[in-house]
Amino acid sequence: MVETNYCLTNHFLVAMPILTDPYFNRSVVYICEHNDKGAVGIVINHPLKAFKINLSEILQAIIGNTTKAAASMDFPIFCGGPIHPAHGFVIHAPSGEWQSSLKMNSEICVTTSKDILHAIAKQQGPDKFIFSLGYANWVAGQIEREIVNNFWLTVPATPAILFDVPFSNRWLAAINSMGIDVNNLVYSSGYA
């Protein structure tokens, strides 16, 4: 087992180009939890393609009658990962009190309760948010092995990349935030 003395909670995993799995190819994963039992994360840059649905359709399905404002919400729904693809997650800037919410730091929260969706439908929710279905998880030591095997880069998460950068640019923005030129990435692992 690969030993670790660091915690990746509230970090991004940034997929190396060598990673070609359809869920993770050029993905940016927001790590919500990382401990000695494993890790849980949400992909923040791959919209659901198979279903071509947006937030207004999700709100209509979950809440029923929505306001005109909610009906016009054309926010993408992200494929957060392959585990429990019907389970929704809202990553957002802190605001409001929600039934099931985890404050990651002073700038980022993750909420799983429907009350936030009701608030979003009424335009009373957080100003900045991402909605995803599903998540990714890693068993104890797995994420550390994948990092050693050069599948992932890690960088502290920033609200700017989460909420302000268009999703199609988040992968490159995360790499650039490390001061790395994507053209200089080495795609194979090595050991000293």
Side-chain angles (χ1 to χ4, degrees), residues 7-14 23-24 27-35 39-49 51-137 154-174 176-177:
C7 177
L8 294 174
T9 299
N10 199 40
H11 279 67
F12 292 136
L13 284 184
V14 184
Y23 282 103
F24 300 114
S27 67
V28 179
V29 182
Y30 178 70
I31 299 297
C32 304
E33 182 177 15
H34 178 228
N35 56 38
V40 175
I42 300 168
V43 178
I44 62 160
N45 66 322
H46 292 306
L48 281 173
K49 296 175 186 171
F51 302 109
K52 296 197 186 262
I53 58 173
N54 60 30
L55 185 59
S56 64
E57 293 166 309
I58 291 286
L59 292 174
Q60 182 66 34
I62 293 173
I63 298 169
N65 293 331
T66 56
T67 65
K68 279 187 176 181
S72 67
M73 289 184 175
D74 194 24
F75 295 102
I77 305 299
F78 292 95
C79 178
I83 310 298
H84 296 293
H87 192 89
F89 296 86
V90 180
I91 303 173
H92 59 92
S95 70
E97 295 291 323
W98 316 110
Q99 291 174 2
S100 180
S101 192
L102 179 61
K103 187 172 184 178
M104 304 304 297
N105 62 27
S106 64
E107 301 174 298
I108 302 168
C109 291
V110 178
T111 299
T112 58
S113 52
K114 290 182 184 178
D115 55 344
I116 196 169
L117 297 178
H118 287 276
I120 289 170
K122 295 176 185 176
Q123 293 191 315
Q124 297 171 352
D127 292 330
K128 296 182 176 189
F129 65 90
I130 295 171
F131 182 76
S132 68
L133 293 173
Y135 63 93
N137 75 332
T154 62
V155 62
T158 65
I161 291 175
L162 273 168
F163 305 125
D164 301 328
V165 173
F167 70 84
S168 59
N169 298 334
R170 288 179 185 154
W171 182 78
L172 190 56
N176 288 341
S177 75

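Computed from a prediction, not measured in an experiment: that's the story for all the values here. All values below were derived from every heavy atom in this structure, side-chain atoms included, with hydrogens, water molecules and symmetry-related copies excluded.
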Contacts of C32 that satisfy side chain to side chain contact (heavy atoms under 4.5 Å, CB included) - sequence neighbours left out:
Y30, I42, M104, V110

Taking every non-hydrogen atom, the tightest pair across H46 and Y23:
CD2-O, 3.6 Å

Report the C-alpha separation of V14 and T154 in whole Å, then their side-chain angles, then the decisive distance to 0.1 Å, and conclude whether the side chain to side chain contact (heavy atoms under 4.5 Å, CB included) test is met.
CA-CA 6 Å; V14 184; T154 62; over 6 Å; no

If you take all heavy atoms of I108 and N105, which pair is closest and at what distance?
N-OD1, 2.8 Å

Closest contact, heavy atoms only, I31 versus H34:
CG2-CB, 4.0 Å

Shortest non-hydrogen separation from C109 to S101 and the atoms involved
CB-OG, 4.1 Å

Identify the two heavy atoms, one from A173 and one from V165, that lie closest to each other, and give their separation to 0.1 Å.
CB-CG1, 4.0 Å

Would you say F131 and L117 make side-chain contact, with heavy atoms under 4.5 Å?
yes

Using side chain to side chain contact (heavy atoms under 4.5 Å, CB included) as the criterion, list what pairs up with S113, not counting sequence neighbours.
W98, Q99, S100, T111, D115

Roughly how far, to the nearest 0.5 Å, is the CZ atom of F163 from the CD1 atom of I130?
5.5 Å

Quick check for you: to the nearest 0.5 Å, what is the distance between L162 atom CG and F129 atom CZ?
13.0 Å

Say whether, by atom type as modelled, one donor and one acceptor occur between the side chain of R170 and the main chain of V28 under 3.5 angstrom.
no

L102 CG to T112 OG1 distance, which is reported to the nearest 0.5 Å:
9.0 Å

Measure the spacing between CG of L172 and CD1 of I161 and express it to the nearest 0.5 Å.
10.0 Å

Closest approach of P47 to P76 (non-hydrogen atoms, all atoms of both residues)
CB-CB, 4.2 Å

The test is side chain to side chain contact (heavy atoms under 4.5 Å, CB included); show your working for S177 and T158 and say whether it passes.
CA-CA 10 Å; S177 75; T158 65; over 6 Å; no

Nearest-0.5 Å distance that lies between atom CD1 in I77 and atom CG in L133
6.0 Å

With a sphere of 6.0 Å drawn around NE2 of H87, does it hold more than 12 non-hydrogen atoms of other residues, nucleotides or ligands?
yes

Does the side chain of L48 come within less than 4.5 Å of P85's, by heavy atoms?
no

Output, in order, the C-alpha distance, side-chain angles, deciding distance and verdict of side chain to side chain contact (heavy atoms under 4.5 Å, CB included) for N137 and E33.
CA-CA 9 Å; N137 75 332; E33 182 177 15; over 6 Å; no

Does V43 form a side chain to side chain contact (heavy atoms under 4.5 Å, CB included) with F24? I'd like the steps, not just the answer.
CA-CA 8 Å; V43 178; F24 300 114; 4.0 Å; yes

Mind checking whether S27 and N45 have side chains closer than 4.5 Å, heavy atoms only?
yes

